[in-house]
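Worksheet: one structure, shown below.
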Amino acid sequence: ADDAGATRFHVIIDARRHPTETLLSNEMKAWQGPAILIFNNAKFKKSDFDSLMQIRVGGKQGDDTKIGKHGLGFNSCYHFTDVPSFISGDYIAFLDPHQKYLPTKERGSIGTFPKEGINGFPERDQLAPYEGIEGSNFRSTFEGTLFRLPFRQQPSEISDSIFTTAQVLQLVNNI
């Protein structure tokens, strides 16, 4: 958020479970549960998208003005999740370092989101976790960036850490 020049930032612990009927793939069902939502009011630039899509490869080492130059920024989300996603401006992105949850089996996918609301999107349940958060309605440009970090439900190649909503709330309260 700081690197992007945001002036507003907040974190939401979202305990909701979302529908799983119309997703990008069946493998995404496990990631429709509780999550950490992180909002800031700065939209991503193309270089920001490109950097995040290069999973496990930092993109800010040469820029002394960026906190991310230390390589600790976004990658810290993998402590909680294996499949982070986000919306920013007119785009939605899903990251999949395992290359096993997205239908294309790629490390990440980015595309424009529908402007006719989620009901006009074949995989509408995949967008449901974002709807209504900070004005997100999938009918107009989203004025900011909203990350979604669904809690890991079982150990993975990335981490053995599993989280519940109560555990994450306790972590936040202990800050």
Side-chain angles (χ1 to χ4, degrees), residues 1 3-6 8-9 11-12 14 16-60 66 68 73-78 80-153 156-158:
D3 288 353
R8 286 184 54 228
F9 171 90
V11 176
I12 300 167
D14 181 7
R16 300 175 299 162
R17 295 200 175 274
H18 302 281
T20 59
E21 297 297 313
T22 57
L23 300 174
L24 295 172
S25 70
N26 281 334
E27 291 82 4
M28 293 295 279
K29 286 182 179 183
W31 305 102
Q32 286 293 94
I36 300 170
L37 304 176
I38 304 168
F39 168 80
N40 73 69
N41 66 340
K43 286 189 270 185
F44 263 38
K45 299 181 199 87
K46 181 169 179 357
S47 61
D48 297 324
F49 281 116
D50 293 344
S51 178
L52 280 188
M53 296 311 282
Q54 296 180 37
I55 299 168
R56 294 179 284 200
V57 178
K60 298 180 180 177
K66 304 290 185 185
F74 182 78
N75 287 334
S76 63
C77 79
Y78 292 109
F80 295 97
T81 191
D82 291 8
V83 186
S85 61
F86 62 95
I87 58 173
S88 187
D90 295 319
Y91 297 93
I92 186 161
F94 297 90
L95 303 178
D96 179 11
H98 291 299
Q99 296 177 274
K100 67 184 198 179
Y101 299 107
L102 293 174
T104 57
K105 305 302 181 208
E106 294 179 287
R107 290 173 24 170
S109 175
I110 185 170
T112 56
F113 61 72
K115 289 292 181 74
E116 43 299 321
I118 67 170
N119 289 332
F121 189 64
E123 296 88 4
R124 66 185 168 275
D125 290 347
Q126 200 73 67
L127 305 181
Y130 290 102
E131 194 169 45
I133 306 294
E134 283 295 326
S136 173
N137 62 13
F138 296 102
R139 294 184 186 282
S140 59
T141 297
F142 184 69
E143 296 300 326
T145 300
L146 179 60
F147 292 95
R148 182 169 186 274
L149 314 177
F151 302 153
R152 183 180 298 108
Q153 302 296 307
S156 74
E157 297 165 37
I158 292 177

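Note that the structure is predicted; figures quoted are calculated from it, not measured.
- Residues P150 and T81 approach most closely at O-OG1, 2.7 Å, considering heavy atoms.
- Summarising the geometry, atom CG belonging to L146 is positioned 7.5 Å from atom CD belonging to E134; distances are rounded to the nearest 0.5 Å.
- Between the side chains of D82 and H98, at least one donor-acceptor pair of N or O atoms lies under 3.5 Å.
- Few gaps surround CZ on F121; more than 12 heavy atoms of other groups in view lie less than 6.0 Å from it.
- When all heavy atoms are compared, the tightest approach of R124 to N119 is CD-OD1, 3.7 Å.
- To the nearest 0.5 Å, the span separating NZ on K45 from OG on S88 amounts to 10.0 Å.
- In terms of modelled atom types and a separation under 3.5 Å, the side chain of S25 and the main chain of Y101 share a donor-acceptor contact.
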Quiz prompt | Residue pair R8, F39: steps toward the side chain to side chain contact (heavy atoms under 4.5 Å, CB included) verdict | solution = CA-CA 8 Å; R8 286 184 54 228; F39 168 80; 3.7 Å; yes

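- Using a distance-only test at 3.5 Å, with no hydrogens or angles considered, a donor-acceptor pair links the side chain of Q32 to the main chain of P19.
- Taking the ring-ring contact (aromatic ring centres under 6.0 Å, His included) definition, one finds that F86 meets it with F44, F49, F147, sequence neighbours left out.
- Looking at heavy atoms from C-beta onward, Y91 lies out of side-chain contact with K43 at the 4.5 angstrom threshold.
- Using a cutoff of 4.0 Å between basic side-chain nitrogens and carboxylate oxygens, K115 and D90 are scored as salt-bridged.
- Panel note: side chain E131, backbone P129; no donor-acceptor pair is recorded below 3.5 Å.
- The closest donor-acceptor contact from the side chain of S109 to the backbone of F94 lies at 3.5 Å or more, if one exists at all.
- Of all the heavy atoms in S136 and I87, the pair that sits closest is OG-CD1, 3.5 Å.
- Annotation: the span from S85 atom OG to D96 atom CG amounts to 11.5 Å, rounded to 0.5 Å.
- For the pair L95/Y78, a side-chain contact is recorded, criterion being any heavy-atom separation below 4.5 Å from C-beta on.
- A donor-acceptor pair under 3.5 Å is absent between the side-chain atoms of K105 and the main chain of Q99, judged by distance alone.
- Between P97 and I158, the closest heavy-atom pair is CG-CD1, 3.7 Å.
- Using a 4.0 Å cut-off between a side-chain N of Lys or Arg and a carboxylate O of Asp or Glu, E116 and R139 do not qualify as a salt bridge.
- For the pair L24 and Q126, the tightest heavy-atom approach, listed with the atom from each and the gap, is N-OE1, 3.1 Å.
- When atom types are taken as modelled, the side chain of T145 and the backbone of A42 share a donor-acceptor pair closer than 3.5 angstrom.
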Practice problem: Test side chain to side chain contact (heavy atoms under 4.5 Å, CB included) on T20 and L23 and set out the steps. | Solution: CA-CA 6 Å; T20 59; L23 300 174; 4.0 Å; yes

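- We find the CG-CE distance between N26 and M28 to be 11.5 Å, quoted to the nearest 0.5 Å.
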Practice problem: Any chance you could lay out the side chain to side chain contact (heavy atoms under 4.5 Å, CB included) test for W31 and Q153, step after step, and finish with the verdict? | Solution: CA-CA 8 Å; W31 305 102; Q153 302 296 307; 5.9 Å; no

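- With hydrogens and angles disregarded, a donor-acceptor distance shorter than 3.5 Å links the side chain of N137 to the backbone of S140.
- Considering only heavy atoms from C-beta on, P34 comes within 4.5 Å of R17 through its side chain.
- Shortest non-hydrogen contact noted between I38 and I36 is CG1-CG2, 3.8 Å.
- Two residues are said to be in side-chain contact when any heavy atoms from C-beta on lie closer than 4.5 Å; L127 and I92 meet this criterion.
- Every ring-ring contact (aromatic ring centres under 6.0 Å, His included) that F80 has, sequence neighbours left out, goes to F163.
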